[in-house]
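Have a look at the structure below, then the notes.
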Number of protein chains: 2
Amino acid sequence: MSCIKTIREKGLKLTLQRQLIVDAIHSTQEHLTSDQIIAYVQDRTPGINKSTVYRTLQLLEEAGCIYKSELGGQLIYHHNEEGHHHHLICRKCGRTIDCKDDIFRQFEKTLEDRYGFKATFNHMVISGLCTKCKRLS
Amino acid sequence: MSCIKTIREKGLKLTLQRQLIVDAIHSTQEHLTSDQIIAYVQDRTPGINKSTVYRTLQLLEEAGCIYKSELGGQLIYHHNEEGHHHHLICRKCGRTIDCKDDIFRQFEKTLEDRYGFKATFNHMVISGLCTKCKRLS
DNA sequence: ATCGGTTTTGCGAGAAAGTGCAATAACTAT
DNA sequence: ATAGTTATTGCACTTTCTCGCAAAACCGAT
């Protein structure tokens, strides 16, 4: 929850709107869609504009407090935490598994060796099946 | 350019609109945004509706003729070709490098071993720097 | 070549996301 | 505590994409 601190340090203003949006993002370990964030915020303080939410999400992303990913054509948001840089999402049960940054290390090397391509993986969200759901299918 | 054949085989009708959209997709090796496809089509036959383009793109995707990816929040389209299942896009020069399906083989194994997660990678678009641009930066 | 059934298109309307601008609220210095 | 400066919000509007429906086009059978 150092987002508030980051906002202050960047000389940005701490408004109720921003606090609520930061709250929403931290209210779960899962990823949230913009819809869900808007609902959370408007539920607690009706009248808050959607544009404000979109702009704040962009601002928080640029400040490094949250990050935005894409899953199934939808934009999803998650708070940023040290050490947990990528996510595996089960397409059956929806569970999120956090995984370490170094998971791509070997794969990056393969791309560099084979194609001379320097890939950069930031907060990747990978779709698939978790251990349980894999067994049941 | 077997899209036309696929359309016929599926009992779908071959309209001028669909031909133009297939043309657009095949006019380049690069990925196209919906904007670019709409422009291409309307340039050749003014009056063609955007909805038609969006619907046809979805139809072609479901028929397996093209695929849709996401890059930088934008949806991009590309024709489907045997053997070239993933793409590396240089974020500096924009060049597309096609790469083989098996590039993810090792990485999939790592995810399965470490997290018990069965990931599926379809037509991935990976952002990074190509050999030339990497050298210059 | 024409007819008729079915698909497809264009149109209007609408949701989702983003933007410019004037009014408002937050923070700083007094 | 107050005033002034600057950032932020809400509003209205634009853009991107989607959907239902009536009119038009396609294609196979005649």
Side-chain angles (χ1 to χ4, degrees), chain A residues 3-25 31-63 65-78, chain B residues 3-25 31-63 65-78:
Chain A
C3 307
I4 305 290
K5 204 176 144 214
T6 309
I7 288 172
R8 286 194 183 288
E9 280 170 1
K10 297 225 171 195
L12 299 166
K13 294 181 178 171
L14 186 64
T15 61
L16 170 65
Q17 289 84 340
R18 287 180 179 172
Q19 285 184 51
L20 281 169
I21 293 160
V22 168
D23 274 4
I25 289 283
H31 288 71
L32 294 172
T33 63
S34 40
D35 273 14
Q36 294 173 309
I37 297 166
I38 291 167
Y40 181 102
V41 165
Q42 292 187 341
D43 206 46
R44 270 143 251 252
T45 305
I48 291 183
N49 203 273
K50 278 184 295 184
S51 331
T52 304
V53 176
Y54 287 121
R55 271 183 298 218
T56 303
L57 288 172
Q58 195 184 328
L59 181 139
L60 289 171
E61 198 193 352
E62 281 160 12
C65 296
I66 66 169
Y67 68 84
K68 179 172 72 180
S69 302
E70 294 149 27
L71 185 71
Q74 270 234 297
L75 292 176
I76 52 178
Y77 299 86
H78 194 276
Chain B
C3 308
I4 305 290
K5 205 177 143 214
T6 309
I7 287 172
R8 286 195 183 288
E9 281 170 0
K10 296 225 173 197
L12 299 166
K13 294 185 175 170
L14 187 64
T15 60
L16 171 65
Q17 287 86 339
R18 288 180 179 173
Q19 284 183 51
L20 281 170
I21 293 160
V22 168
D23 274 6
I25 288 283
H31 289 72
L32 294 172
T33 61
S34 41
D35 272 14
Q36 294 172 308
I37 297 166
I38 291 168
Y40 182 102
V41 164
Q42 291 187 340
D43 207 47
R44 271 143 251 251
T45 305
I48 290 182
N49 201 274
K50 279 181 296 184
S51 331
T52 303
V53 177
Y54 287 118
R55 270 183 299 219
T56 303
L57 287 173
Q58 194 183 329
L59 182 139
L60 290 171
E61 198 194 351
E62 280 161 13
C65 296
I66 66 170
Y67 69 85
K68 180 172 71 179
S69 303
E70 295 149 27
L71 186 71
Q74 271 233 300
L75 292 175
I76 51 179
Y77 298 87
H78 193 276

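Per chain, numbering begins at 1; letters A, B, ... match sequence-line order.
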Quiz item: Once you round it to whole Å, what is the distance between C1' of dT8(C) and CG of Leu20(B)?
Solution: 15 Å
Self-check item: Donor-acceptor pair, side chain of Arg18(B) and main chain of Lys13(B), under 3.5 angstrom
Solution: yes
Quiz item: Between the side chain of Arg8(A) and the main-chain N/O of Ile4(A), is any donor-acceptor distance below 3.5 Å?
Solution: no
Practice problem: For Thr56(A) and for Lys68(B), locate the closest nucleotide of DNA chain D by heavy-atom distance; then report the residue assigned to the nucleotide nearer the 5' terminus. | Solution: Thr56(A)
Practice problem: Please tell me which of the listed nucleotides, dT16(D), dT9(C), dA17(C), lies nearest to the side chain of Ser34(A)? | Solution: dA17(C)
Self-check item: Leu59(B) CG - dT9(C) P separation (whole Å)
Solution: 8 Å
Quiz item: With the sugar-phosphate defined as primed atoms, P, OP1 and OP2, and the base as all remaining atoms, what B/S/- string results for nucleotides 19-30 of chain C, 5' to 3', for protein heavy atoms under 4.0 Å?
Solution: BBB----BS---
Quiz item: Which pair of non-hydrogen atoms, one from Thr45(A) and one from Ile48(A), has the smallest distance, and what is that distance?
Solution: O-CG1, 3.4 Å
Exercise. Find the distance Tyr77(A):OH to dA16(C):P and express it as a whole number of Å.
Key: 14 Å
Self-check item: Asp35(B) CG - dT14(D) P separation (whole Å)
Solution: 17 Å
Practice problem: Write down the distance between NZ (Lys50(B)) and P (dA13(C)), rounded to a whole number of angstrom. | Solution: 14 Å
Self-check item: Under 3.5 Å: donor-acceptor pair, side chain of Glu61(A), backbone of Ile66(A)
Solution: no
Quiz item: Rounded to the nearest Å, what distance is computed from the CD atom of residue Gln42(B) to the P atom of nucleotide dC11(C)?
Solution: 10 Å
Quiz prompt | Value in whole Å for how far the C1' atom of dC17(D) lies from CD of Gln74(B) | solution = 12 Å
Quiz item: How close or far is atom C1' of dT18(D) from atom CD1 of Ile38(B), stated in whole angstroms?
Solution: 12 Å
Self-check item: Student check: side-chain heavy atoms of Lys68(A) and Leu57(A) closer than 4.5 Å
Solution: no
Exercise. Quick one: do Tyr77(A) and His31(A) satisfy ring-ring contact (aromatic ring centres under 6.0 Å, His included)? Show the steps, please.
Key: CA-CA 5 Å; Tyr77(A) 299 86; His31(A) 288 71; 9.6 Å; no
